[in-house]
Amino acid sequence: MKRILICLLTLVFSVHLLAQTRTVTGKVTDPDGKPVPYATVTVKGSATRVSADENGNFSIQADPNTTLVFTASGYTASETNIGTQTSIIGALGRQAALSEVVVVALGQTRSKDKLGYATSSFKSEDINRSAPVSPLDGLQGRVAGAEISTIGGQPGSSTKIILRGYSSFSTAATSENQALIVVDGVPFNNSRLGSFNDFLNSGGADFGNGLNDLNPGDIENITVLKGAAATSLYGSRAANGVVVVTTKRGRPGKISIDVSSSAIFSTVAKLPDFQNTWGQGWSGQHLKEENGSWGPKLDGKERLWGSQVDNSRLLKPFVAVEDNVRHFYDMGKEYNNSIAFRGGNETANFYLSYGNVNNNGVLPGKTDVYNRNTLALRGQLKTNQFSAAASLNYINKEGHTAFSDAFNSSGSSTFSNIIQIARDLHITDFKDYNNKFFNVDNYFTPYASNPYYSLFENGNNQKNDRVFGNVELGYDFSKVFNIRWRTGVDVADSRVKDWQAIENPKPRTWRGENPTNYEGASLTPLIGGVRELSQYVRELNSDFFVNYNKDVITDLNVSGFLGANYNERESRTQQSKITGLTIPGYYDITNAGSPPVDVASTFKRRLIGAFAQLNLSYKDYLFLSANARNDWSSTLPIGKNSYFYPGVNASVVMSRLIGLEGTSISYFKLRGAYGKTGKDAPVYSLKSIGVSSNTDLAFGNIALPLNNVSSFELGNTIGNSDLKPELTTEYEIGTEVRFLKDRIGLDFTYYRKRTKGQILSVPIAASTGYQSLIANFGLVENKGIEFVGTLVPARSKDFNWTTTFTFTRNRNTVLELPEGLDKVDFNSAYNVSFVARVGQPIGVFEAPKKLMTEDGKFVATTAGYFAQTEDEIYGNIQRDYNMGLNNSISYKNWNLGFSFDYRKGGVFYSYTAQLTYFVGNAWLTQYNDRRPFVIPNSVVQTGTDAQGKPIYAENTIPIDVNKTNSYWANVNNPAHSYDLVILPKDFLKLRDVTLTYRLPSSVAQKIRAQNISISVIGRNFLLWVPTKNTFIDPEITNLGNDLTGELGEFGGSPTYKAYGAALRITF
Amino acid sequence: MKIRLRFILFSLFILSVVSCKKRLDINTDPNNPSLEQLTPKLVLPAAVSSAAGRIGSDYAIFGGMWAEFYTQGTTANQFKVIDDYNVTKDFGQTNKGEPWVELFSGALNDFNFVINKAKQQGDWNYFLMATVMKAYTYQVLVDLYDKVPYTEAFQGSANLQPHFDDGYTVYKGLLAELNTALSKDFTLSTNTPAGPYDYVFTTSTESSWSITPWIRFANTLKLKMYLRMVYAKPAEAEAGIRKLYSSGVAFLDKNASMNVFQDAPDKRNPFYTYNFVEIGTNANIKASFTFLSWLRANNDPRIDNYFLPKTGSTTEYLAIHQGDYANLDPALNTTSIPNISPTAPVDFISLAESHFLQAEALERFFNGAGAKAEYDAGVTASFARYGDNAAPFIATGGSYAYPSGGTFEQKLEAIIVQKWASMPGSHAIEAFFERNRTGYPRTSPVFSTNAAYVPGQIVYSKSGITNGLFPKRLIIPDLESSRNANAPADELLTKKVWWDVR
């Protein structure tokens, strides 16, 4: 490895020494005069050859009066005699049909013509248009068949990508349904290292998923492979589709340097709509220690408020502070800088880049920070027969994040803390948390912590080091026969430290033991704690291919390959935790009265695969491809661990078959594909085990050892030694049509995917002695359509406008569940269950509804609230459809790009909504001016008749002032609450707007640059949601990066909108 | 050249496939022991902890509120549904039957494992210990839910839908199991001493350990179960109790409790952990006027062992009337909370309870011979636990003096009321059962705010929604019934269980 690199570098720097003749520079353009990037320029009759850069510029050594040949894929070649000129424009002709080259399975490339399945490809400039920090952030709403979401509002938050719907039953917050990420032919770990839920019952944190470690600037292109036919050669983990990332490589030509720099400023986006009419208190009374706005009407009069300290108390007018939550947030600052060098000649090339991201999010101070350094070095060497390539990447990442999750929590996330604060209080006043009125002893409420105290005194810190890379060697025996061997390693080590401060008010203070406040409530002391988490993951992947490619007879080409794959994954997790700090403010794992609780686990799995592909093409219009793969997995029972899955796809370019060239239909292709993929079992699922004893209580637990003896108990899951792989079978048909010299393009796909035999620990009745049984079960169908429309309203020398429209509609149906189970639970919150049921889409929301009489009246309880039914369905997660619209308009040196992302349908659970109702801050709590009322159109049951049917009478029980708050609370009036907190998750977002100006080359040359461009960028600054959702951006969740997260949000952090500028210079 | 290379490649491929088999045999979990590595000694402490953990927290809270030691506080919400008698099959925010789940899969399944393993090994010590704990745990479950899976339970994947057995069948089965376990030879060398692994009658060394307390525990549990069915199956109960006495068995002479808790994270008494550490507020469980007024009326010194003084005082106690959580009087925010130590034991059968059971049996079937002594011993044991002296209370003329000259019912009332008063905290569910069985403490005809209220009488909760009917059971939880097609139809919370026929 080392030697190869040295060899590569030596070759790279010797290029210029060999040059002797004079230099000819120039530009390669298309028929409209637009530059063609990366065209090849050859001196006719010689071996001298260079590539143009991404702006079409080239520089070549040539003798006078020689002829230069310009070639580029998708264009017809052209030749120009240079005479005595030293500057030349090489104009290419347009080929009848562009034949785009797509990276397909296992790093192979194929012409898009030949593919029988749908793919979506994005070039570096598409990905980086809005200078994103994460590779997929630039593609939201732009991939038909994909739902890409950023799940949190903090820097470095995870991004999830679900292709063609959910198909696996996933009860864990892991990535069972996410697409496999493949970088340069090697699987890439996309797990959320270091992220956690429920540390010390104070919430969770999201440090981002693995894909976000990649510097988007290093990416040459991304291809999304959606269907089984396209992905099956990737093996077991490709069942949910594959995102194929190809990184930038060196290119023949002189050394070029790309510098890019961006500064983006963000502010918090959607916040709940708050009422501004009522102030602090409860049940209509002004209670100075209450955390909520159920007090009197805000009358503007001066009132004492908060704690009494040293016989004094603060005074302020009783008026609403309308933007008190928004003002809590700062401006986020994101700086993204990178520099890349590339160069080489025909034999050797290199690429070297360094990128730095420095992001301090919208929370005050440096409490949400994401810093990332990426270093990439890639080299290639090619002689006539031998080729070698290597890629080495190092990523260093450091993050702090505010606890984002209030699930199962006695503490709370920052957001769910501040949205409870009464409407008349200035939150920013509390920033000085040492002030005697706002400190631990005397903060105004005993029901919550000063948000600044929690934010600045508690914290966490993730440090992540990751190295990944690969080596690829190839040998061409002949033009028809070659071998390739590629091995990649991805190693990451993540350390997380969390700490929670002691918060223990002194006795006889406002909120201490024997408190001086009116309600006598005191803060339950927080005893503090420290956790150290260390996670190590390693993946080794090796592929070996034998390739064959031959024109068997005239017009019939046969190509194919045979290969083998070896994959090994292992991980180790270690965690130590203490609770109850001895020395306040000293966060070390030894600082407690009792020894740390330690947990450690390791896993290792291997997979061996053998695969083959056969491609037949007849002329340039009939294509057939068949592939097959067999895997042997360590996670399946020995002897039954082998599984086979084939696929076939075909395409016909009708426009060439029936000769449509020259008509208004410039291209017409039909395609079809059928494929299977198999997926092995989770590691260690085959046998029942014993586990270290731990008794879960409803709150807390009892962990042995006690009495100095440790103990083990039978695990609650029954292992299954008969597990089979989960199999996905999918077919798809589609067509691509382009009209009017490609100015209108349509790409349509229909697919149907069935996933059978999901491996899940199926919940079983505890009376069996166990809680779950690992089994193959279930059948889930996803079928749908994907449509991509491309329109070029204008195409001329100076003015170009391209617009792309994507439409996706996926129908998901659970067709079978395990025998005897009418549902499978994924997640729940406050009795809102999130389940799968036969005949419904995966992910149904169930909760009690308001009980109605047969004649349509509400039934009230004896307390006057809504009576409730058993669990009923409130909706599901399924989108009716998703649409995206992306535009790129360029005029001379100006380019304007913008994209919309519209997602229609589906519901989510919002704890933010539930909480703002509970504390009386929600807009709707102004209902009836908070005067007593009887639920309109309601009755109460007075008895039952002879048939046992209920007898009703008119309801006269008022919701009086003491009950108004309970009326909006989940605990007292649940049926009403569910109606208010299960919200539509539709949204329309203007994802990005980018205006770029490319400086004239005359200006650029003054600093010896080839190209300078400046962009003004806006991200996510328009968000439309249905009127019922007055609370939060429905895209966020803090409940994991997979199906469980689709439950909704639990007081996470709001998303942000951002504005900024980017500068890109190429030397 | 070409052919040779191809041959080498082909051979390499074949070789690698052959070596695959071994490379794939790595699926043994390195993080957890296999079932074969588990022994009775390793498993029993975990199972005892599971039983104590849930019975001593979740069920103790139900029992504590329904036996009216406690009531929901006015500034919190957690247990309103309990005070409302509005507990549904999916009660609670995090709880759709988790105690049930933990007791079946975490306690009973492990007791069953110990029973089977110990039987194979001829280790009758562990066989008896696990059988007694299984019977105790089952008794609590069946008394709460009336019907539970028993004969078909714990078969794993062989029977995913175990049939439910009625309570009487389960009782008979448990008594038979106890008899079998008691009939074993505890002198055999295949028996192993438990020592510190015994969380109930723990000893520091194995050599100082004895099976005798477990035999007493087994007999006392049998006595309790016979008494529980004394109204539903009088003849059988009487025969069973007479046989116990005629065979001269001994009953518990010390507390049968899990008493190894430490004041350290995750190692504390479950009620304490649940309510005072983890739930985030101690404003939920407050003193009920029902119990506090009784303690006060009798000047009972245990008041400061059962409750903490109200906030802001060191001597004064304050209670909320049962179910009066909607009362907005801010003074109620300072109401007394339970005084439970982090290291408090979880009683399975307390010494006091053992004496009270014997007093009742003697009164019922042996003309009361010795009943007073057992009663006095019961009260004394309960007081002694907190270092209090019961002598002046049980002396003639004392407020708890045994009504030796009274009718059977008067004596029974004295016994059961004293038993009730010995059970707050982690043992509270038994007080609820005993009131359902005997009707003591009596039901008050008026609410406790009424001047005519007699302290200690059970009142219908102010926020009750069941038209004057008291809760008598729990409903089979959703986590079981939604997964087991054999679960019986839901019953009302107010429907009596099989032995509750009075």
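Below, read A as the first sequence line, B as the second, and so on, with proteins coming before strands; counting in each chain starts at 1.
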A:L697 versus chain B, the contacting section by heavy-atom distance below 4.5 Å: both
Specify which of A:G690, A:G715, A:S693 makes the most heavy-atom pairs with chain B at under 4.5 Å. A:G690
Hey, does B:P162 have a side-chain heavy atom less than 4.5 Å from the side chain of A:T768? yes
Closest-packed option against chain B by number of heavy-atom pairs under 4.5 Å, given A:V691, A:T602, A:V599, A:L287: A:T602
Taking it one step at a time, do A:S642 and A:N630 satisfy side chain to side chain contact (heavy atoms under 4.5 Å, CB included)? CA-CA 7 Å; A:S642 159; A:N630 199 88; 3.1 Å; yes
Decide, yes or no, whether a salt bridge links B:D84 with B:K80 under the criterion of side-chain N to carboxylate O below 4.0 Å. no
Turns out that what part of A:S767 lies under 4.5 Å from chain B's heavy atoms comes down to both
So which part of A:S522 gets closer than 4.5 Å to some heavy atom of chain B, the side chain, the backbone, both or neither? neither
Given the options A:L523, A:I702, A:L706, which has more heavy-atom pairs under 4.5 Å with chain B than any of the others? A:L706
At a heavy-atom separation under 4.5 Å, does A:L773 approach chain B through its side chain, its backbone, both, or neither? side chain
Please examine the side chains of A:F603 and A:S571, heavy atoms only from C-beta on, and report whether any two atoms are closer than 4.5 Å. yes
Run the side chain to side chain contact (heavy atoms under 4.5 Å, CB included) check on B:E98 and B:D58 step by step: do they pass? CA-CA 9 Å; B:E98 284 162 6; B:D58 302 85; over 6 Å; no
Looking only at heavy atoms and a cut-off of under 4.5 Å, which of A:D696, A:V683, A:N716 has the most pairs with chain B? A:D696
Of B:V148, B:N467, B:T28, B:N275, the largest count of non-hydrogen pairs under 4.5 angstrom with chain A goes to B:T28
Residue among A:I718, A:N720, A:L636, A:N694 with most heavy-atom pairs under 4.5 Å to chain B: A:I718
Is chain B contacted by the side chain of A:S688, its backbone, both, or neither, given a heavy-atom distance below 4.5 Å? both
In terms of heavy-atom pairs under 4.5 Å, which option from B:N269, B:N484, B:I465, B:T273 contacts chain A the most? B:T273
Spatial distance of atom CG (B:N333) from atom NZ (B:K310) [nearest 0.5 Å]: 11.5 Å
